[in-house]
2 protein chains.
Amino acid sequence: MDEIDQTIVNLLRTDGRTSYAELARRVGLTAPSVQDRVSKLEKNGVITGYQAVVDPETVGLGITALIGIIPDNSADHLEICDKLRAIPQIESCYFLAGVECYQLKVRVPKMADLEKLIHQVSAIPGVAQTRTTITLSTKWEDRPQPVPPTELDYGVD
Amino acid sequence: MDEIDQTIVNLLRTDGRTSYAELARRVGLTAPSVQDRVSKLEKNGVITGYQAVVDPETVGLGITALIGIIPDNSADHLEICDKLRAIPQIESCYFLAGVECYQLKVRVPKMADLEKLIHQVSAIPGVAQTRTTITLSTKWEDRPQPVPPTELDYGVD
DNA sequence: TGGTCTGGTCGATCTCGTCCACCCGTCGAG
DNA sequence: CTCGACGGGTGGACGAGATCGACCAGACCA
């Protein structure tokens with residue numbers, strides 16, 4: 001994970017379809033060696049995938065909401081997590097330090113779908129309470145910040 | 001935005017580097033026509049970009065936090081938004097219906113950076129109060145849900 | 001009926017991806 | 001000191017993919 005790898009990662013984060021040839025030109029190497037570096041980055045779990053970024057509204061996912069979950073004392077977190085994972089509308093799931101120990105980001109087409117979704121989440125054993133906040137607008141999302149200058153080795157060679 | 005476009009979008013959301021030739025095989029068209037569809041999807045703002053998904057921990061962004069912002073009455077939201085946008089560590093920014101009218105998702109290398117960041121956000125004119133929650137773990141993030149069957153035309157032809 | 005428009009195919013050409021042989025410093029062992 | 005292994009890079013060859021222009025078929029409308 002040297003400086004060249006960082007450049008490659010930054011380039012691929014801002015345009016995931018950049019060709020190896022183009023990357024090679026940018027970092028001053030040849031295509032095969034860039035390809036080699038990229039596949040090592042993938043193998044080492046630095047790059048975990050590539051996705052097209054889609055405007056949710058244009059594909060009929062006009063409603064975004066954040067749902068906080070307060071568990072009860074007997075909550076089995078493995079089970080909760082599994083049940084949550086099975087719900088496709090939950091795009092992100094964070095485990096938090098706080099009373100609301102999960103926060104979900106969900107997207108649905110219509111309010112009725114959100115209502116159904118909340119019932120579905122509330123029905124999971126171990127979920128004591130949920131608190132939902134509608135997002136009025138997404139100012140921005142998943143903006144790739146440049147990888148910070150590495151002073152330490154982060155354990156991935 | 002017919003059924004074929006939806007398939008293309010779904011495929012590109014789960015693997016943003018899928019070649020046009022491969023997409024063509026999957027949807028039963030030729031590469032040029034798929035390419036044509038994709039460029040139309042990009043032009044119409046359905047696909048807004050492509051990004052490599054990176055494991056934050058492996059690139060030195062080990063700390064994730066959610067920051068809620070409570071504005072004061074005189075808050076100029078355009079200014080707040082601009083000031084927030086200028087802070088690269090803020091990866092996502094949602095405008096919410098609630099007392100905390102913004103929620104930020106931030107990533108930093110160390111706790112000290114988070115502290116600095118909170119001070120930075122608190123110092124923005126119009127920000128009355130912030131509330132920060134550390135995420136203990138990211139269960140998953142930005143999982144692409146299949147685009148819902150379109151019953152209506154969502155205004156993007 | 002004929003013109004136009006949209007969305008497709010086909011084929012040619014150029015670029016890119018990918019594999020392989022080879023090269024060149026580094027480092028540890030004999 | 002020399003040898004051999006190794007990691008990481010280069011260059012070339014070849015097949016696959018991207019891209020462009022020409023052409024075609026069905027829908028729609030005057």
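Only this structure's heavy atoms are used, side chains among them; waters, hydrogens and symmetry mates stay out. Chain A is the first sequence line, chain B the second, and so forth, proteins listed ahead of strands; every chain is numbered from 1.
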task = Rounded off to whole Å, could you give me the NZ-to-C1' distance for the Lys43(B) and dG7(C) pair?
result = 14 Å

query = Separation of Asp36(B) atom CG from dT6(C) atom P, in whole Å?
reply = 11 Å

query = Rounding to a whole Å, what distance do you find between Ile4(A):CD1 and dG8(D):P?
reply = 11 Å

query = Between dT9(C), dG17(C), dA18(D), which nucleotide has the shortest distance from any of its atoms to the side chain of Tyr20(A)?
reply = dG17(C)

task = Among dT18(C), dG11(C), dA18(D), find the nucleotide with the atom closest to the side chain of Pro32(B).
result = dG11(C)

request  = Look at the rings of His77(B) and Phe95(B) and say which category their plane angle falls in: under 30° parallel, 30 to 60° tilted, over 60° perpendicular.
outcome  = perpendicular

ask   = Is Thr30(A) near enough to dT10(D) that one of its side-chain N or O atoms lies under 4.0 angstrom from OP1 or OP2?
value = yes

key: Step-by-step side-chain contact (heavy atoms from CB on, under 4.5 Å) determination, Ile47(B) to Arg13(B)   = CA-CA 9 Å; Ile47(B) 295 176; Arg13(B) 282 235 279 189; over 6 Å; no

Side-chain N or O of Arg37(A) closer than 4.0 Å to phosphate OP1/OP2 of dG7(D) = no

ask   = Are any of the side-chain heavy atoms of Val106(B) and Gln145(A) separated by less than 4.5 Å?
value = no

task = Look at Arg17(A) and dC16(C) and indicate whether a side-chain polar atom (N or O) is within less than 4.0 Å of OP1 or OP2.
result = no

request  = Let me know the distance between CG of Leu23(A) and C1' of dT18(C), rounded to the nearest Å.
outcome  = 15 Å

key: Under-4.0 Å side-chain N/O to phosphate OP1/OP2 contact, Ser33(B) with dG7(C)   = no

inquiry  = Side chain of Arg25(B) only, heavy atoms from C-beta on: which candidate in dT18(C), dC16(C), dG17(D) is closest?
reply    = dG17(D)

key: Test item: Asp2(B) and Arg37(B) side chains (from C-beta on) under 4.5 Å apart, heavy atoms   = yes

inquiry  = Just the rounded figure in Å: distance from P of dG8(D) to CG of Leu41(A).
reply    = 12 Å

query = With a cut-off of 6.0 Å (strictly less than), are more than 12 heavy atoms of other residues, nucleotides or ligands near CZ of Arg131(A)?
reply = no

inquiry  = Quick check for you: among dG17(D), dT10(D), dT18(C), whose closest atom lies nearest to any side-chain atom of Leu29(A)?
reply    = dT10(D)

inquiry  = Can you tell me if Gln35(A) touches the phosphate of dG17(C), counting only side-chain N or O atoms and a distance under 4.0 Å to OP1 or OP2?
reply    = no

message = Just N and O in the side chain of Lys40(A): are any of them under 4.0 Å from OP1 or OP2 of dG8(D)?
response = yes

query = Taking CG from Asn44(A) and C1' from dG7(D), how many angstroms apart are they, rounded to a whole number?
reply = 14 Å

